[in-house]
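A short worksheet on the structure shown next.
When a residue number appears, it is its place in the shown sequence, counting from 1. Note that this is a predicted model, so its numbers are computed, not measured.
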Amino acid sequence: MRKFDRLWAGEVDRIAQGVRLRVFQHTVEQRGGYLSQACSSGQILGALYHGLMHLPPVDAPLLPDPWSGVPGPEHPARTGIKFNSNGLPGYDRFVLSPAQYALVLYAVLIETGRMDEHGMKDYNQDGSSVEMIGAEHSPGMEVTTGSLGQGISQASGIAMALGLKGETGRVFVFLSDGECQSGEFWEALQAASFHKQDNLILIVDRNGCQCDGVMDPVMNIEPFDDRFRAFGCACVRITGHDPLALAAALETPHEGKPLAVVCDTDPCYQMEFLRERHPKFHYIRFTQTGQWEDYRDRYEAMAKEAGK
């Protein structure tokens with residue numbers, strides 16, 4: 001069993017650095033991208049895939065399959081799940097609720113050895129499963145989460161099915177804080193608590209941002225952790241850039257209750273230059289003359305410093 005100590009946390013930090021650099025590279029190459037999500041969630045997703053989730057090993061990094069069509073009788077395969085548990089009993093399941101984090105997830109899969117980096121050549125291309133907004137066929141995605149706020153409902157359904165089948169695996173659902181402003185999120189949370197789904201683990205990236213900018217003027221959800229408890233969850237609030245804090249939070253007793261971990265994060269973590277874009281962090285666009293060239297130069301300097 002992996003030991004969650006400072007050495008492990010250092011490995012997670014290196015994974016997160018690689019994730020941010022890869023996402024920065026694609027943001028420059030594509031002349032836009034979801035860069036702040038890599039800043040806020042790099043340590044969280046890195047820690048989950050570097051041992052906090054119980055996943056089967058892969059013999060070698062996997063290449064994404066081409067898109068094979070809409071799921072149905074002629075196309076039953078959901079290829080995204082093969083990068084996780086592949087549906088094997090006893091292993092954990094993973095649901096990425098905010099599908100705009102897909103590029104971050106791909107980078108995490110590469111940095112943790114589950115996905116071949118050559119699969120990224122088809123990123124955001126027609127006919128590719130490596131989509132900018134991921135779906136059930138995209139690497140690491142087990143379901144299509146659709147509109148924000150729906151991922152928890154699907155994760156809760158999977159958790160219920162595993163419980164009815166007597167399987168021991170947990171269901172991790174990664175959430176953005178912005179989607180927790182929606183009513184259907186709280187309705188699903190209420191149902192999961194009512195059904196005592198203690199195999200359901202909610203991990204929230206609380207970076208304080210959503211597509212319209214800063215969250216609180218749109219709809220304040222604080223005190224966030226107290227709200228989780230009021231809806232029948234066990235809840236721990238941590239610094240999301242601390243892998244050891246996340247590892248400790250997952251050990252919180254929560255028999256008969258879902259466990260929520262609210263991870264307070266910084267959308268500019270280790271990329272201070274993004275603060276000049278406040279409060280618009282959701283999607284990085286290069287709208288001003290010379291802005292793309294400036295970010296390209298920043299990326300090249302970061303890559304050189306990292307020895308890439």
On a heavy-atom basis, which atom in [X] and which in [Y] lie closest, and how many Å separate them?
{"X": "L21", "Y": "A306", "answer": "CD2-CB, 4.0 Å"}
{"X": "A188", "Y": "I152", "answer": "CB-CG2, 3.7 Å"}
{"X": "L148", "Y": "P98", "answer": "CD2-CA, 3.5 Å"}
{"X": "C180", "Y": "V204", "answer": "SG-CG1, 4.3 Å"}
{"X": "G163", "Y": "N199", "answer": "N-ND2, 4.2 Å"}
{"X": "V23", "Y": "A107", "answer": "CG2-CB, 4.1 Å"}

Between the main-chain N or O of [Y] and the side-chain N or O of [X], is there a donor-acceptor pair closer than 3.5 Å?
{"X": "Q37", "Y": "H282", "value": "yes"}
{"X": "T144", "Y": "A135", "value": "no"}
{"X": "S128", "Y": "D122", "value": "yes"}
{"X": "S85", "Y": "L55", "value": "no"}
{"X": "Q210", "Y": "D212", "value": "yes"}

Would you say the side chains of [X] and [Y] form a donor-acceptor pair under 3.5 Å?
{"X": "Q150", "Y": "Q154", "answer": "no"}
{"X": "S40", "Y": "D205", "answer": "yes"}
{"X": "E131", "Y": "H137", "answer": "yes"}

Going by heavy atoms in the side chains, are [X] and [Y] under 4.5 Å from each other?
{"X": "I133", "Y": "Q100", "value": "yes"}
{"X": "N86", "Y": "I81", "value": "yes"}
{"X": "I238", "Y": "L246", "value": "yes"}
{"X": "D266", "Y": "C39", "value": "no"}
{"X": "F4", "Y": "L250", "value": "no"}
{"X": "N124", "Y": "L103", "value": "no"}
{"X": "E142", "Y": "F94", "value": "yes"}
{"X": "K280", "Y": "R285", "value": "no"}

Quiz item: Checking side-chain contact (heavy atoms from CB on, under 4.5 Å) for the pair Q25/Y299: CA distance, chi angles, key distance, verdict?
Solution: CA-CA 7 Å; Q25 176 187 5; Y299 163 72; 3.6 Å; yes
Just checking [X]: does its [atom1] atom have more than 12 heavy atoms from other residues, nucleotides or ligands closer to it than 6.0 angstrom?
{"X": "H118", "atom1": "NE2", "result": "no"}
{"X": "Q190", "atom1": "CD", "result": "no"}
{"X": "E305", "atom1": "CD", "result": "no"}
{"X": "E276", "atom1": "CD", "result": "yes"}

Distance from [X] atom [atom1] to [Y] atom [atom2], nearest 0.5 Å?
{"X": "I284", "Y": "S36", "atom1": "CD1", "atom2": "OG", "answer": "5.5 Å"}
{"X": "S153", "Y": "I158", "atom1": "OG", "atom2": "CD1", "answer": "11.0 Å"}
{"X": "I44", "Y": "L52", "atom1": "CD1", "atom2": "CG", "answer": "11.0 Å"}
{"X": "N84", "Y": "L48", "atom1": "CG", "atom2": "CG", "answer": "10.5 Å"}
{"X": "F286", "Y": "E293", "atom1": "CZ", "atom2": "CD", "answer": "9.5 Å"}
{"X": "D116", "Y": "L63", "atom1": "CG", "atom2": "CG", "answer": "4.5 Å"}

Output all residues satisfying side-chain hydrogen bond (donor to acceptor under 3.5 Å, both in side chains) with [X], sequence neighbours left out; order by chain, then residue number.
{"X": "D65", "value": "K82"}
{"X": "D297", "value": "none"}
{"X": "Y106", "value": "none"}

Practice problem: Using the test ring-ring contact (aromatic ring centres under 6.0 Å, His included), find all partners of F174 that sit at least two apart in sequence or belong to another chain. | Solution: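 Counting only residues at least two positions away or on another chain, F174 forms a ring-ring contact (aromatic ring centres under 6.0 Å, His included) with Y101.
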Exercise. Dump the intermediate steps for side-chain contact (heavy atoms from CB on, under 4.5 Å) on E111 and H50, then the final yes or no.
Key: CA-CA 9 Å; E111 293 294 326; H50 194 53; over 6 Å; no
Quiz item: Do L189 and M160 sit in the same hydrophobic cluster, where Ile, Leu, Val, Met, Phe, Trp and Tyr count as joined when their side-chain heavy atoms come under 4.5 Å apart?
Solution: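 No: no chain of side-chain contacts under 4.5 Å links L189 to M160.
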Quiz item: Going hydrophobic residue to hydrophobic residue with side-chain gaps under 4.5 angstrom, can you get from V104 over to Y283?
Solution: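 Looking at the clustering, Y283 is in the same group as V104.
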Practice problem: For D294, check side-chain contact (heavy atoms from CB on, under 4.5 Å) against everything at least two apart and list the hits. | Solution: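 Once residues adjacent in sequence are excluded, the partners of D294 under the side-chain contact (heavy atoms from CB on, under 4.5 Å) criterion are R298.
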Exercise. Provide the full list of ring-ring contact (aromatic ring centres under 6.0 Å, His included) pairs with a residue in residues 143-165, sequence neighbours left out, each pair given once.
Key: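 Listed once each, the pairs would be none.
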Exercise. Please collect all ring-ring contact (aromatic ring centres under 6.0 Å, His included) contacts where either partner lies in residues 237-278, sequence neighbours excluded, each pair once.
Key: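 Qualifying pairs: F24-F273, H241-Y269, F273-Y295, H278-F281.
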Quiz item: By salt bridge (charged side-chain N to carboxylate O under 4.0 Å, His left out), which residues pair with E117, not counting sequence neighbours?
Solution: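 Per chain and number, E117 pairs via salt bridge (charged side-chain N to carboxylate O under 4.0 Å, His left out) with R22.
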Quiz item: Does anything in residues 155-171 pair up under side-chain hydrogen bond (donor to acceptor under 3.5 Å, both in side chains), and if so which pairs, sequence neighbours excluded?
Solution: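 The answer is D92-R170, S156-Q197, K165-E167.
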Only pairs under 3.5 Å count here: list side-chain donor-acceptor contacts from residues 222-234, not counting sequence neighbours, and write none if there are none.
from: E222; atom 1: OE1; to: F224; atom 2: N; distance (Å): 2.7
from: E222; atom 1: OE1; to: R237; atom 2: NH1; distance (Å): 3.0
from: E222; atom 1: OE2; to: R206; atom 2: NE; distance (Å): 3.1
from: E222; atom 1: OE2; to: R206; atom 2: NH2; distance (Å): 2.9
from: E222; atom 1: OE2; to: R237; atom 2: NH2; distance (Å): 2.7
from: D225; atom 1: OD1; to: R237; atom 2: NH1; distance (Å): 3.4
from: D226; atom 1: OD1; to: R229; atom 2: NH1; distance (Å): 2.8
from: R227; atom 1: NE; to: I221; atom 2: O; distance (Å): 3.3
from: R229; atom 1: NH2; to: C235; atom 2: O; distance (Å): 3.2

Exercise. Dump the intermediate steps for side-chain contact (heavy atoms from CB on, under 4.5 Å) on V171 and V173, then the final yes or no.
Key: CA-CA 6 Å; V171 181; V173 55; 5.5 Å; no
Table please: side-chain donor-acceptor pairs of residues 13-20 below 3.5 Å, with sequence neighbours left out.
from: D13; atom 1: OD1; to: Q43; atom 2: NE2; distance (Å): 3.2
from: R20; atom 1: NH1; to: Q43; atom 2: OE1; distance (Å): 3.2
from: R20; atom 1: NH2; to: Q270; atom 2: OE1; distance (Å): 2.6

Quiz prompt | Co-members of L88 in a cluster of I, L, V, M, F, W and Y side chains, linked at under 4.5 Å | solution =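 Joined to L88, directly or through intermediates: Y91.
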Quiz item: Checking side-chain contact (heavy atoms from CB on, under 4.5 Å) for the pair R277/Q291: CA distance, chi angles, key distance, verdict?
Solution: CA-CA 11 Å; R277 291 178 168 269; Q291 200 170 60; 3.1 Å; yes
